[in-house]
Amino acid sequence: MPFLKHPLVRAVCLAQSLILMVPAAPVYAASTKTITCDSRDFERVRCDISNKSVRLKRQLSVSSCREGRDWGYDKRGVWVDNGCEAEFEVTQDSGLSNGEAAAAIIIGGLLLGALAMGDDDKKAPPAASSSATMPPNWAVGGFRGRNPSTQKNEDLTIERNGQIKVFRQGLTVPGQWLSGQQLSIQNDTFRAERISGGLRLIHASGPSSDYFLLD
């Protein structure tokens with residue numbers, strides 16, 4: 001199916017396949033943070049923070065910090081009393097199960113990769129033949145020579161990008177540099193050779209002609 005060739009579609013399909021490999025058990029990913037709660041003036045103080053569990057990490061006060069009497073917690077926060085001041089390590093749910101968190105990372109990475117691939121595809125220039133647009137330096141420029149078929153002078157222009165124009169009897173005849181020293185003018189193929197002051201075009205099945213660089 002053509003639509004499956006799009007990198008974004010392939011990434012989503014791969015992500016869905018990987019999600020099916022993640023265990024379905026709802027074990028939720030947890031994160032921890034440290035907070036300080038202080039019973040100033042020996043009054044009961046509540047520090048609001050949603051949590052899964054809390055443990056006393058480090059006592060900061062001279063007054064005792066005994067769980068159940070001087071400090072405690074519920075799902076909405078931690079409380080301290082009787083002059084207790086301490087640091088508490090709070091464990092919180094991330095809101096995503098381990099499987100969901102892994103799936104989110106997988107999908108995010110694949111989508112970013114797909115977007116980058118798609119962007120690279122848009123930026124990639126079309127493939128070109130290795131020498132179609134690269135005539136040798138000595139063959140680039142404006143030349144004048146005599147056409148052996150018409151026995152009349154004509155002007156030949158070869159551009160750096162390989163485009164060729166021949167001004168012949170009031171008409172412009174197009175051409176193209178092919179490869180190596182091969183070029184075509186209209187329907188004829190020639191081989192170019194360097195000569196003093198210009199170049200020689202040798203027809204595949206006919207006479208050759210010399211063209212000299214214009215000042």
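Since the structure is predicted, the reported quantities are computational estimates derived from the model, not experimental observations.
Under a hydrophobic-cluster definition in which Ile, Leu, Val, Met, Phe, Trp and Tyr are linked whenever side-chain heavy atoms come within less than 4.5 Å, directly or via other members, V140 and F143 are assigned to different clusters.
Pairing each heavy atom of P148 with each of Q151, the nearest pair is O-NE2, 2.7 Å. Residues Q92 and S50 approach most closely at NE2-O, 2.8 Å, considering heavy atoms. The two atoms that bring E85 and C65 nearest to each other are N-SG, 3.7 Å, heavy atoms only. Minimum interatomic distance between S39 and N82 (heavy atoms only, all atoms of both residues): OG-N, 3.4 Å. Across all their heavy atoms, W177 and P136 have their closest contact at CZ2-CD, 3.4 Å. Closest approach of D70 and S64 over heavy atoms only: OD2-OG, 3.0 Å.
Side-chain contact check for Q176 versus Q163: some heavy-atom pair is nearer than 4.5 Å. With contacts defined as side-chain heavy-atom distances shorter than 4.5 Å, the pair R76/R46 qualifies. With a 4.5 Å cut-off on side-chain heavy atoms, N147 and K152 do not count as touching. With contacts defined as side-chain heavy-atom distances shorter than 4.5 Å, the pair Q182/T189 qualifies. Residues D155 and V166 are not in side-chain contact: their nearest non-hydrogen atoms beyond the backbone lie 4.5 Å or more apart.
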Handout entry: Steps toward side-chain contact (heavy atoms from CB on, under 4.5 Å) verdict (N161, M134)
Key = CA-CA 6 Å; N161 62 7; M134 293 295 293; over 6 Å; no
Practice task
Evaluate the side-chain contact (heavy atoms from CB on, under 4.5 Å) criterion for residues T150 and Q169: first the C-alpha distance (whole Å), next the side-chain angles of each, then the deciding distance (0.1 Å), finally the verdict.
Solution key: CA-CA 9 Å; T150 64; Q169 297 180 316; 4.2 Å; yes
Problem - Step-by-step side-chain contact (heavy atoms from CB on, under 4.5 Å) determination, F212 to R144 - result: CA-CA 5 Å; F212 297 94; R144 178 168 292 167; over 6 Å; no
Exercise for the section: With side-chain contact (heavy atoms from CB on, under 4.5 Å) as the test, would you mind laying out the steps for F167 and T157 before giving the verdict? Expected result: CA-CA 8 Å; F167 300 95; T157 300; 3.9 Å; yes
Listed pairs under 3.5 Å, donor-acceptor, residues 193-206 side chains, sequence neighbours left out:
{"residue": "E193", "atom": "OE2", "partner": "R191", "partner atom": "NH1", "Å": "2.4"}
{"residue": "E193", "atom": "OE2", "partner": "R191", "partner atom": "NH2", "Å": "3.2"}
{"residue": "R200", "atom": "NE", "partner": "D210", "partner atom": "OD1", "Å": "2.6"}
{"residue": "R200", "atom": "NH2", "partner": "D210", "partner atom": "OD2", "Å": "3.3"}
{"residue": "H203", "atom": "ND1", "partner": "S205", "partner atom": "N", "Å": "2.9"}
{"residue": "H203", "atom": "ND1", "partner": "G206", "partner atom": "N", "Å": "3.3"}

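Distance check, rounded to the nearest 0.5 Å: CD1 of I185 to CD1 of I164 gives 5.5 Å. Between the CZ atom in F190 and the OG atom in S208 there is a gap of 10.5 Å [rounded to 0.5 Å]. Here CH2 of W79 is found 9.0 Å from SG of C84. Values are rounded to the nearest 0.5 Å. Here the CG atom belonging to L213 is positioned 12.0 Å from the CH2 atom belonging to W138, to the nearest 0.5 angstrom. Atom CG of L60 and atom CG of D38 lie 8.0 Å apart (nearest 0.5 Å).
A salt bridge does not link K57 to E87: none of the charged nitrogens lies less than 4.0 Å from a carboxylate oxygen.
A side-chain donor-acceptor contact under 3.5 Å links D74 to the backbone of G77. Judged by distance alone, the side chain of S61 and the main-chain N or O of S63 form a donor-acceptor pair under 3.5 Å.
Annotation for R168: atom CZ counts as buried by contact number, over 12 foreign heavy atoms lying within 6.0 Å. Around atom CZ of R55, more than 12 heavy atoms belonging to other residues, nucleotides or ligands sit under 6.0 Å away.
Grouped by direct or indirect side-chain proximity (heavy atoms under 4.5 Å, Ile/Leu/Val/Met/Phe/Trp/Tyr only), V78 sits with I35, V45, I49, V54, L56, W71, Y73, V80, F88, V90.
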